[in-house]
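Reckoned from all heavy atoms, side chains included, excluding hydrogens, waters and symmetry mates.
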Amino acid sequence: MLRVARMYSVLRSLLFALSPEEAHSLAFHAMAPLESSAFLRDRVRRVFPVPESLVISKMGLTFPTPIGLAGGFDKNALRTRALAALGFGFLEVGTVTAEAQEENPPPNMFRLPDDRAIVNRLGFPNDGAKAVAERLKRELGRGVTGVPVGFSIGKSRAVPIESIDAVAQDYLASFRAVREVADFVVVNVSSPNTKNLRALQGPELARTLLLALRREGGERGTHVPLLLKVSPDLTAEALDALLDVVSEVKLDGVVATNTTLSRAGLRSREDLVRFVGEGGLSGPPLHIRALEVVRRSRARLGAGVTIIGVGGIETGAAARAFLAEGADLVQLYTGFVYGGPGTPSRIARELGAIVSV
Ligand SMILES: Cc1cc2nc3c(=O)[nH]c(=O)nc-3n(C[C@H](O)[C@H](O)[C@H](O)COP(=O)(O)O)c2cc1C
């Protein structure tokens, strides 16, 4: 394990010499053999073991560990088996949209190494919900990945936010496309990189959208579980109002949180932060705020609703902090980029050691 960690620290200095987009694409190519070879995956699982004691059941699904991959890393669901072999207990693929779309003009992804953070303004580049789901169904089918695979769905850029009916139809098209292959579906209304998307967190719009999806998906317990991903930038009152809609509509859960627009408390040099510009910030600077949102969500929603905590997890202790605030499951993205392929297994083993004492 230590050898793998050292190897990654060398590899990371090479990867970090590339632009974040190039490094991501290279990492994806490097995982291709793992995705296609059961033999390799079996070997890799042995190198990156996870403790059996962390198995957990939620929303009618069994998670080998509560540590998942957050939305946005595998946007087109191209590396699900490889990522599961590295030790993730579940995956959230996407965000997909009903219409296939390109990324926002580059550059749109930046590292802030002094904060071990990332700023991105990608804006949901993906092959389209239908194409992604059909390929997954054709090549794998539900269950083959070996861990629960959820789909994040978002709004197509071309659909105007001003017409909530059009917006609901757009999300419904994605929902219908993915529901057959998705173990759960996350409704993304909290990305800062699609113009005005976060207005959908207002209670009136959220109610209309979520009711439409809930009607399509059936009642709690008999359907594909439906969760809502929320922003860390909501005021306490706005978060409470949104959580009340989650309860009213009887969603299965909440994912807290998405990236933040805040740049408070960063260690990175101000001129670098200014140069990077707009976008959602992720990584450790988000951690405390995401914990607060999880705490507030649990207090407001009560037991029975699944909460997935996400924001700045790099260690078992950080994962544990989310569980202590009321999360059932956790996810990471940025910690995986900085920590490398051994990260999910390491965090699971650290968490296993903490919870067994
Ligand atoms: C490059 C990048 C792309 C992202 N894309 C998405 C996305 O498509 N959908 C989504 O729900 N979240 C997306 N996120 C947000 C993550 O899922 C997560 O909520 C956030 O990064 C906080 O977790 P972290 O600190 O572990 O990265 C993205 C994050 C990054 C860094």
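- V255 and V149 are assigned to two separate hydrophobic clusters, defined by single-linkage of ILVMFWY side chains at heavy-atom distances under 4.5 Å.
- A salt bridge is defined here as a Lys NZ or Arg NE, NH1 or NH2 lying under 4.0 Å from an Asp or Glu carboxylate O, and R79 with D74 fails to meet this definition.
- Atom CD of E248 has more than 12 heavy atoms from other residues, nucleotides or ligands within 6.0 Å.
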Derivation and outcome, side-chain contact (heavy atoms from CB on, under 4.5 Å), residues F124 and R157: CA-CA 8 Å; F124 302 158; R157 195 179 284 137; 5.7 Å; no
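- In the hydrophobic cluster analysis, where Ile, Leu, Val, Met, Phe, Trp and Tyr join through side-chain heavy atoms closer than 4.5 angstrom, F151 is grouped together with V147.
- With salt bridges taken as basic N to acidic carboxylate O contacts below 4.0 Å, one links E292 and R289.
- For P192 against T259, the heavy-atom pair with the smallest separation is CD-OG1, 3.3 Å.
- The distance from atom CZ of F88 to atom OG1 of T145, rounded to the nearest 0.5 Å, is 13.5 Å.
- S190 contributes a side-chain N or O that, together with a main-chain N or O of K229, makes up a donor-acceptor pair within less than 3.5 Å.
- Between R298 and D328 there is a salt bridge, with a side-chain nitrogen of the basic residue lying less than 4.0 Å from a carboxylate oxygen of the acidic one.
- Taking each heavy atom of P64 and G146 in turn, the nearest pair found is CG-O, 4.4 Å.
- One distance of note links CG of L40 with CZ of R81; it measures 12.0 Å at 0.5 Å rounding.
- No donor-acceptor pair under 3.5 Å is formed between the side chain of T194 and the backbone N or O of L197.
- Between the side chains of N258 and S191, no donor N or O sits under 3.5 Å from an acceptor N or O.
- With respect to the salt-bridge test (charged N to carboxylate O, under 4.0 angstrom), the residues K137 and E180 qualify.
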Stepwise ring-ring contact (aromatic ring centres under 6.0 Å, His included) check, F28 with F73: CA-CA 10 Å; F28 253 68; F73 185 86; 5.6 Å; yes
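- Rounded to the nearest 0.5 Å, atoms CG (L209) and CD1 (I164) are 5.5 Å apart.
- A donor-acceptor contact shorter than 3.5 Å is absent between the side chain of N76 and the backbone of L78.
- The pair D252-R214 meets the salt-bridge criterion, with a side-chain N (NZ, NE, NH1 or NH2) lying under 4.0 Å from an Asp/Glu carboxylate O.
- When every heavy atom of I153 is checked against every heavy atom of T95, the shortest pair comes out as C-CG2, 3.7 Å.
- Not one N or O on the side chain of N196 forms a donor-acceptor pair closer than 3.5 Å with the backbone of I161.
- Within the 4.5 Å cutoff, the side chain of L286 has heavy atoms near those of the P232 side chain.
- Between V44 and A85, the closest heavy-atom pair is CG1-O, 3.7 Å.
- A side-chain donor-acceptor contact under 3.5 Å links S174 to the backbone of A98.
- Checking S231 against R198 by side-chain atom types alone, a donor-acceptor pair falls below 3.5 Å.
- Here the side chains of T97 and K155 are not in contact, with every heavy-atom distance at 4.5 Å or above.
- Using a cutoff of 4.0 Å between basic side-chain nitrogens and carboxylate oxygens, R346 and E350 are scored as salt-bridged.
- Atom CZ in R263 sits 10.5 Å away from atom CG in D115 (nearest 0.5 Å).
- Atom CG of L323 is separated from atom CD1 of I56 by 7.5 Å, given to the nearest 0.5 angstrom.
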Pair S262-L281, side-chain contact (heavy atoms from CB on, under 4.5 Å): steps then yes or no: CA-CA 7 Å; S262 166; L281 175 81; over 6 Å; no
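- Under a 4.0 Å N-O distance rule, the pair D114/R267 does not qualify as a salt bridge.
- In terms of modelled atom types and a separation under 3.5 Å, the side chain of S156 and the main chain of A158 share no donor-acceptor contact.
- With hydrophobic clusters built from ILVMFWY side chains whose heavy atoms lie under 4.5 angstrom apart, I308 does not share a cluster with V187.
- Between R41 and S37, the side chains place no donor N or O within less than 3.5 Å of an acceptor N or O (distance only, hydrogens not considered).
- A perpendicular orientation is assigned to the rings of F110 and F275, their planes being inclined by more than 60° (bins at 30° and 60°).
- To the nearest 0.5 Å, atom OG1 of residue T343 and atom CD1 of residue I313 are 12.0 Å apart.
- Transitive grouping of hydrophobic side chains (ILVMFWY, heavy atoms separated by less than 4.5 Å) brings V189 and L226 into a common cluster.
- Looking at R300, its side chain never comes within 3.5 Å of a backbone N or O of L242 through a donor-acceptor pair.
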D165 vs V167, side-chain contact (heavy atoms from CB on, under 4.5 Å): CA-CA, chis, key distance, verdict: CA-CA 5 Å; D165 291 338; V167 169; over 6 Å; no
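- The backbone N or O of A131 lies less than 3.5 Å from no partner atom in the side chain of E134, so there is not a single donor-acceptor pair.
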Derivation of the side-chain contact (heavy atoms from CB on, under 4.5 Å) call for K75 and V93: CA-CA 5 Å; K75 291 181 186 292; V93 298; over 6 Å; no
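- A donor-acceptor pair under 3.5 Å is formed between the side chain of S163 and the backbone N or O of A166.
- In the model, N193 has no side-chain atom that pairs as donor or acceptor with a side-chain atom of N104 under 3.5 Å.
- Both L210 and V224 belong to a single network of hydrophobic side chains, linked directly or stepwise wherever heavy atoms of I, L, V, M, F, W or Y lie under 4.5 Å apart.
- Remark: side-chain polar atoms of H223 are not paired, donor with acceptor, to backbone N or O of G217 under 3.5 angstrom.
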